2 protein chains.
Amino acid sequence: MSLPDSQGPDSQSPHSPLSRRRTGIPEATVARLPVYLRVLGSLAESGVTTVSSDALAVAAGVGSAKLRKDLSHLGSYGTRGVGYDVEYLVYQISRTLGLTQHYSVAIIGVGNLGHALANYAGFASRGFQIVALVDADPRRVGEQINGLEVRHLDELETVVKEHEVSIGVIATPAASAQDVCDRLVSCGVTSVLNFAPIVLAVPDSVDVRKVDLSIELQILAFHEQRKSSHASEVGAG
Amino acid sequence: MSLPDSQGPDSQSPHSPLSRRRTGIPEATVARLPVYLRVLGSLAESGVTTVSSDALAVAAGVGSAKLRKDLSHLGSYGTRGVGYDVEYLVYQISRTLGLTQHYSVAIIGVGNLGHALANYAGFASRGFQIVALVDADPRRVGEQINGLEVRHLDELETVVKEHEVSIGVIATPAASAQDVCDRLVSCGVTSVLNFAPIVLAVPDSVDVRKVDLSIELQILAFHEQRKSSHASEVGAG
DNA sequence: AGGACTTTGTGAACAGATGCACAAAGCGCT
DNA sequence: AGCGCTTTGTGCATCTGTTCACAAAGTCCT
Ligand SMILES: NC(=O)c1ccc[n+]([C@@H]2O[C@H](COP(=O)([O-])OP(=O)(O)OC[C@H]3O[C@@H](n4cnc5c(N)ncnc54)[C@H](O)[C@@H]3O)[C@@H](O)[C@H]2O)c1
Ligand SMILES: NC(=O)c1ccc[n+]([C@@H]2O[C@H](COP(=O)([O-])OP(=O)(O)OC[C@H]3O[C@@H](n4cnc5c(N)ncnc54)[C@H](O)[C@@H]3O)[C@@H](O)[C@H]2O)c1
């Protein structure tokens with residue numbers, strides 16, 4: 001049923017093999033670094049200054065060997081017999097992930113989900129600043145959300161260039177998603193986070209990550225089914 | 001930068017090896033089946049009755065060999081020289097994923113995100129019925145959302161048992177998430193979808209999947225950074 | 001200083017996922 | 001029926017990721 005080491009993060013799909021060679025950091029590791037970062041953050045807040053791979057691994061829900069191998073890809077930042085300096089490790093992971101820069105995010109589609117995203121504080125906390133909200137519905141245009149005014153879809157290109165948007169978040173209905181994506185890409189956006197239930201076609205130079213509720217539920221359903229259909233087997237051994 | 005075959009889905013973490021042996025279906029395949037299902041659904045709507053692995057693969061954003069291997073895990077449902085019967089394949093995938101059953105879903109935490117989820121129509125469409133909304137804030141209790149009344153956290157156990165909830169969705173702040181999760185698990189929920197930015201500890205018998213915005217953004221940031229720092233290299237090659 | 005103890009970093013074995021390439025299988029046309 | 005065309009299903013090589021297990025490297029105590 002559940003995983004040996006809790007709900008680990010995912011590497012959404014194998015990145016081009018070339019990219020591996022360039023940074024030396026495996027995709028699977030990249031997907032876990034943010035988790036470590038989060039855990040380290042709360043350790044730091046609790047006043048912990050040093051942490052062992054074992055303790056950190058438990059808190060992050062992964063195996064300690066995996067954790068050490070992950071960290072070894074960034075360099076040798078631990079001290080044998082002691083562990084890792086929390087603050088320094090936070091810095092190194094942040095640097096590796098590129099979080100020392102700031103990123104401007106635009107949200108396209110300000111419906112139910114878009115509103116939730118626009119109001120979410122957790123975004124800004126790691127250097128992601130929401131700089132623009134865009135919607136096609138004239139009734140939504142002009143609305144103020146979290147200090148930002150909703151702009152009309154017609155202004156998409158203007159707004160993106162004006163704010164040098166580097167990440168586009170698509171929260172429109174599926175039917176418009178490809179269209180919106182094309183327009184984002186054509187004005188230079190190279191990273192897209194897609195919430196619409198559709199596979200986006202993009203040039204190789206653009207990264208897309210998707211968040212798909214319905215897929216998550218279906219995966220859970222698959223395992224749920226297995227559990228119930230073999231319920232007898234559990235007791236029997 | 002982008003993936004060889006578009007934004008593929010993920011296998012969130014290697015499931016216990018045992019589970020593999022039991023169903024014979026690799027986790028990575030399970031994670032892609034919902035995508036195929038979606039694409040097949042829209043093909044069916046457009047009146048297509050038969051589809052080749054190549055066409056389906058393109059639409060699903062994966063390689064055709066991968067797609068065929070995925071489908072081969074469910075059985076031999078294609079016809080050589082012809083392709084797959086769309087309707088029949090939809091049925092087989094649904095059956096495999098366990099979507100012939102219905103699942104009752106409870107959402108805990110009806111804030112920004114919880115509201116969006118509660119209003120989302122895409123849930124019900126695949127046999128996932130939202131049967132309960134629960135919140136700790138007395139001011140939210142009693143509110144009607146999408147035909148459901150928000151219940152108080154105190155009633156969590158009652159509500160879960162009453163509706164035979166099989167999937168719990170956690171949309172509370174991180175601080176309460178583990179607590180809520182423990183309570184869900186203790187009243188028999190074995191599948192959890194977690195939106196709170198925290199690693200949940202659960203017994204082995206419980207499946208957790210997480211959706212974490214901030215992690216997705218950080219992964220995008222990593223690749224974004226690589227792109228900009230090596231911008232020169234692209235032209236030079 | 002030296003020895004016991006702790007913990008990192010990593011080589012090597014293993015496991016899982018992907019992609020290639022082709023034989024086997026079916027279709028339709030003559 | 002036979003032939004050529006299409007497309008599936010899969011064995012095999014490869015690549016990516018995980019896990020084990022231990023030497024190297026440090027700390028702390030005497
Ligand atoms: N709400 C959820 O919980 C949820 C869950 C999973 C997936 N999704 C997906 O997220 C997307 C948004 O969901 P939602 O519930 O917010 O839908 P919604 O209908 O509430 O909002 C969609 C918004 O997009 C706007 N829009 C439509 N076409 C547009 C365009 N071309 N450009 C810009 N804006 C446009 C609409 O005016 C509307 O404001 C959908 O694709 C949905 O399938 C939503
Ligand atoms: N809003 C977003 O776009 C977004 C994005 C990513 C992650 N998240 C995460 O999702 C979660 C919810 O986000 P949100 O924006 O909806 O927050 P929110 O503060 O708007 O809503 C949280 C809700 O949970 C309720 N709650 C608090 N403790 C509870 C408990 N013990 N049991 C039941 N209900 C409880 C609160 O009363 C509130 O209604 C948070 O963990 C957040 O980090 C949200």
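This one's a predicted model, so the numbers in the text were calculated from it and none came from an experiment. We name chains A, B, ... by the order of the sequence lines, and we start the count at 1 in each one.
- Checking B/D70 against B/Y36 by side-chain atom types alone, a donor-acceptor pair falls below 3.5 Å.
- The distance between the ring centers of B/Y77 and B/Y84 does not fall below 6.0 angstrom.
- You won't find any donor-acceptor pair under 3.5 Å spanning the side chain of A/K69 and the base of C/dG9, going by distance alone.
- Residue-to-nucleotide contacts include a donor-acceptor pair under 3.5 Å from the side chain of A/R80 to the base of C/dT8.
- For the pair A/L67 CG and D/dC20 P, the computed distance is 15 Å after rounding to whole Å.
- Rounded to whole angstrom, the span from the CG atom of B/D70 across to the P atom of C/dT18 amounts to 7 Å.
- Regarding A/K66, its NZ atom lies at a distance of 18 Å from the P atom of C/dG9, rounded to whole Å.
- Contact check, A/S53 against C/dT8: a side-chain N or O comes under 4.0 Å of OP1 or OP2.
- Comparing A/S72 and A/V82 along DNA chain C, the residue whose closest nucleotide (by nearest heavy atom) sits nearer the 5' end is A/V82.
- Rounded to a whole Å, the CG atom of A/D85 is 16 Å from the P atom of D/dG26.
- At least one side-chain nitrogen or oxygen of A/Y84 sits closer than 4.0 Å to the OP1 or OP2 atom of C/dG9.
- With ring centers used as reference points, B/F128 lies under 6.0 Å from B/Y103.
- Per the geometry, CG belonging to A/L74 stands 14 Å off P belonging to C/dT8, to the nearest Å.
- Each of B/G81 and A/A65 lies near DNA chain D, and the nucleotide nearest B/G81 is the one positioned closer to the 5' end.
- Side chains of A/T190 and B/E224: a donor-acceptor N/O pair is present below 3.5 angstrom, by distance only.
- To the nearest angstrom, C1' of D/dA25 lies 14 Å from CZ of A/R68.
- A/Y77 has its OH atom 12 Å from the P atom of C/dT10, to the nearest Å.
- Between the side chains of B/Y88 and B/Q92, at least one donor N or O sits under 3.5 Å from an acceptor N or O.
- In this entry the distance linking CG of A/D54 with C1' of D/dA21 reads 14 Å, nearest Å.
- When the side-chain nitrogen and oxygen atoms of A/S76 are compared with OP1 and OP2 of C/dG9, one or more of them lie within a distance under 4.0 Å.
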